[in-house]
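For reference, the structure discussed in these notes is given below.
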Amino acid sequence: MGVVGESVVRVDAASKADGTLRYTDDLPFEGLYGAVVRSEIAYGKIRAITFDASFDFSDIIIVDHRDIEGRNANVVLTDDQPFLAEARVRHIGEPILLLAHRSKRRLREAMAHITIDYDAQEPVLSMEESLALKQRLYGEDNVFKAIHTVKGSPPQKTGLFSLEKTYTTPHQEQAYLEPQSMLARYDGGRVKIIGSMQCPFFVEAALEGLAGEKIEVEQAPTGGGFGGKEDYPSLIAGYAYLLCKKAGQDVKIVYDREEDIAYTTKRHPSKLRYRSRFDATGKLHALEVDVTIDGGAYVTLSPVVLARCVLHAAGFYDCGYIRVDARAVATNTPPNGAFRGFGAPQVLFGIERHMDDIARHLGLSPAAVREGNLPGAGSVGVSGVPIAEYARLRDLFETARRESGFDAIYDAPAPNRGIGMALFMHGAGYTGVGESMLASSVSIALEADGSVEIRVGSVEMGQGTLTALPQIVADALDLPVGMVSCRTPNTAEVADSGPTVASRTVMIVGRLLAQAAGKLKTALGDYGTPDAYRAAVARYCKSGGPLQFGASYEQPADILWDEDLFYGNGYEAYGLGCYIAEVEVDPVDYRVRVVRFDAYNDVGQVVNPVMAEGQVEGGVAQGIGYALCERLVYEAGRVYSPHLSDYTLPMAPDLPEIAVRFLGTDGPSLGLGELPMDGPSAAVANALVHALGSAFDALPITPEAVEEACR
């Protein structure tokens with residue numbers, strides 16, 4: 001049937017459009033509402049918790065850390081984060097108590113009659129304070145993880161130019177449509193968790209530590225995630241579980257937007273120092289990068305975010321000597337975590353701004369400088385090995401440069417207008433040996449009527465999994481796509497295909513599903529028509545053969561990785577992008593408008609072109625927001641702007657028409673989810689530099705920043 005490559009209509013489009021799809025807060029519910037009592041200070045010891053004697057707490061379910069039967073630790077990479085604080089709090093908003101009641105009003109009243117006294121200590125609120133050891137928060141040096149890697153030797157050539165610049169990037173809010181929400185169902189002493197999440201098996205693992213037993217976890221339709229529902233849902237699921245277990249009733253917790261913005265994970269802020277040495281043509285001979293990211297109060301996913309920072313920090317240019325020193329540090333701010341791009345957007349902003357700065361330093365075209373540094377046949381990446389996708393990067397770059405007319409526009413810009421470019425790659429799948437450690441598996445089930453059900457933990461959160469995965473299986477079986485469906489991800493019923501993160505769903509899970517479908521096809525024997533297929537299914541079912549077919553991940557033999565040396569193939573494959581932005585600056589109010597955006601991508605075989613274009617358009621919009629307007633204000637460790645009315649997101653009228661091109665579509669699918677987020681901020685900032693001749697090294701570039709640069 002050849003349905004891969006076809007723009008099949010999303011299977012969930014109608015239910016989302018007509019409002020019949022039920023998200024967690026829409027599910028039938030007659031239980032208690034849950035709420036979280038949080039720390040009001042950034043750092044200190046809990047001295048006393050007082051329940052106002054004038055208030056009747058008798059009908060309020062109250063949970064504290066002493067109600068936890070298992071471990072009071074949300075284990076992600078380490079076990080430093082408690083579900084509920086015991087003696088010490090490390091950030092404003094840290095959960096201390098849980099309450100539940102049938103009335104939300106009674107909950108609010110009860111929370112107002114609880115007083116927590118603290119011995120407050122001076123908090124650490126910046127990366128600089130952390131590294132200066134203002135307080136010792138973690139280990140001996142406040143460093144969650146440090147990575148140092150060197151490729152090659154410092155150049156001995158004389159007469160090189162040198163340039164040193166520092167770039168900074170801020171927090172970013174995921175701004176998913178549906179806030180964090182979780183429902184715990186009580187049934188005769190057993191608890192089942194249903195909720196908004198990206199990784200049901202992550203939640204199951206976290207609850208097993210909390211409860212001391214496996215808890216069934218089911219993903220509800222999820223209104224967006226962007227990484228914000230990767231690790232955080234384990235916490236809110238734990239809260240719903242604890243209250244449900246103690247109350248013996250269903251419990252639902254749905255954060256309001258203020259609570260969600262103020263206390264859930266964000267993109268890591270970063271400080272990036274680039275020092276380069278290059279010749280008169282702009283050819284790089286040495287690149288030293290120093291990366292610091294703010295992890296917040298607990299480790300969460302910071303070490304793996306940092307690893308991706310390191311592997312993307314130098315971009316993908318040819319340079320004989322590259323040194324990267326990187327660290328994730330602890331502060332007394334809410335923990336940061338996963339966000340689309342997962343560390344790459346920060347450092348790719350740094351290296352792509354730096355390539356333009358080299359060009360400005362020499363008075364050359366930024367396109368010419370990039371061209372002179374494109375990797376060749378003998379090039380190796382920062383981790384010391386060649387990258388297969390290097391061979392495709394030049395074609396992408398040259399096509400984007402030629403078709404966009406970059407050089408002509410750059411050489412003759414209109415007043416107050418500029419053009420900028422970013423060239424980048426994104427490693428798809430888990431970093432290093434991560435995919436091997438996950439050991440993901442998939443399963444498909446043959447039904448008697450010939451239909452096929454996909455049973456995996458990979459979730460739909462808006463990106464199109466419920467449509468793309470059936471396309472892959474239908475294509476492998478030569479069936480109409482309507483004969484293949486996905487079972488709702490439930491940890492008791494589906495295979496653990498790993499988390500829905502890291503641009504891995506189509507590339508890794510899709511490939512495994514194609515293998516499983518191949519096994520089913522072999523079992524059925526030859527069939528060429530729908531009637532022959534149904535006859536083959538009938539014969540096979542009558543034979544009593546297995547009805548489920550699976551496949552498990554096996555690391556390709558050519559993938560090598562040494563975590564200690566940080567040497568080898570950081571990723572199995574890379575998606576490629578070359579993005580070009582044109583901006584216009586209002587000379588009166590200094591507002592910046594992106595007037596044109598061309599997104600050239602190479603992600604191999606595109607499964608569903610319309611959905612893929614949507615992924616790129618969404619990522620570009622998110623990247624433009626990151627570049628120009630999204631700004632979270634923190635004061636004394638507290639998010640000062642926890643409302644969407646204060647957090648400016650780009651709306652449709654703020655965006656240009658985004659021209660999306662896919663090249664190299666004949667290869668295997670390489671992963672697309674995160675790639676579009678990586679390049680827009682650098683392309684927009686470089687266009688602004690071109691328009692105004694001033695450096696823009698810190699995001700977001702607000703009108704105030706533009707005005708200051710123009711003074």
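Given the structure is predicted, the values throughout are model-derived calculations rather than measurements.
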### Query
For atom CG of Asp18, is the number of surrounding heavy atoms from other residues, nucleotides or ligands below 6.0 Å larger than 12?
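Count over threshold, so yes.
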
Less than 3.5 Å apart, any donor N or O on the side chain of [X] or [Y] sitting next to an acceptor on the other?
X      : Y      : result
Ser552 : Glu554 : no
Ser458 : Ser497 : yes
Ser443 : Gln548 : yes
Ser196 : Glu178 : yes
Asn608 : Gln471 : yes
Tyr647 : Glu630 : yes
Asp678 : Tyr579 : no
His268 : Asp294 : no
Gln605 : Asp666 : no

Is [X] reaching over with its side chain to a backbone N or O of [Y], donor-acceptor style, under 3.5 angstrom?
X      : Y      : answer
Glu208 : Gly212 : no
Ser669 : Gly604 : no
Arg504 : Gly671 : no
Gln219 : Gly195 : no
Thr491 : Val217 : yes
Asn72  : Gly70  : no
Gln463 : Val459 : yes
Asn569 : Leu560 : yes
Gln622 : Glu617 : no
Thr264 : Asp260 : yes

### Task
Would you mind telling me which of Ile194, Ile236, Val251, Val254 makes a side-chain contact (heavy atoms from CB on, under 4.5 Å) with Met182?
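Only match with Met182 under side-chain contact (heavy atoms from CB on, under 4.5 Å): Ile236.
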
### Task
Would you check, one step at a time, whether the test side chain to side chain contact (heavy atoms under 4.5 Å, CB included) holds for Tyr298 with Asn74?
CA-CA 10 Å; Tyr298 294 108; Asn74 177 36; over 6 Å; no

### Query
Using 4.0 Å as the upper bound for N to carboxylate O, is an ion pair formed by Lys214 and Glu204?
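Counted as a salt bridge, because a side-chain N and a carboxylate O are separated by less than 4.0 Å.
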
### Task
Using a strict 4.0 Å threshold on nitrogen-to-oxygen distance, state whether Glu259 and Arg257 make a salt bridge.
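Looking at Arg257 together with Glu259, the answer is no, because their closest N to O distance does not fall below 4.0 Å.
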
[Y] six-ring centre to [X] NZ/CZ under 6.0 Å and within 45° of normal:
X      : Y      : answer
Lys229 : Tyr176 : yes
Arg267 : Tyr626 : yes
Lys519 : Phe549 : no

### Message
On a heavy-atom basis, which atom in Ile215 and which in Val191 lie closest, and how many Å separate them?
### Response
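That closest heavy-atom pairing would be CG2-O, 3.3 Å.
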
### Message
Testing the basics here: between Leu306 and Lys145, what is the closest heavy-atom pair and its distance to 0.1 Å?
### Response
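The pair with the smallest heavy-atom distance is CD2-O, 3.3 Å.
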
### Query
How about Tyr571 and Tyr430: are their ring centroids closer than 6.0 Å?
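Centroid separation for Tyr571 and Tyr430: 6.0 Å or greater.
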
### Task
Evaluate the criterion ring-ring contact (aromatic ring centres under 6.0 Å, His included) for residue pair Tyr574 and Phe316; output intermediate values, then yes/no.
CA-CA 11 Å; Tyr574 290 79; Phe316 298 89; 5.6 Å; yes

### Query
Heavy atoms, side chains only, cut-off 4.5 Å: are Asp231 and Phe202 in contact?
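Of all side-chain heavy-atom pairs linking Phe202 with Asp231, none is under 4.5 Å.
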
### Within-4.5 Å side-chain heavy-atom neighbours: Gln172 and Arg340
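No; the side chains remain at least 4.5 Å from each other.
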
### Query
Looking at Arg185, Arg487, Lys192, which one forms a salt bridge (Lys or Arg N to Asp or Glu O under 4.0 Å) with Glu218?
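Of the listed residues Arg185, Arg487, Lys192, the salt bridge (Lys or Arg N to Asp or Glu O under 4.0 Å) partner of Glu218 is Lys192.
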
### Parallel, tilted or perpendicular: ring planes of Tyr239 versus Phe83, cut at 30 and 60 degrees
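The arrangement is perpendicular - the two ring planes meet at more than 60°.
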
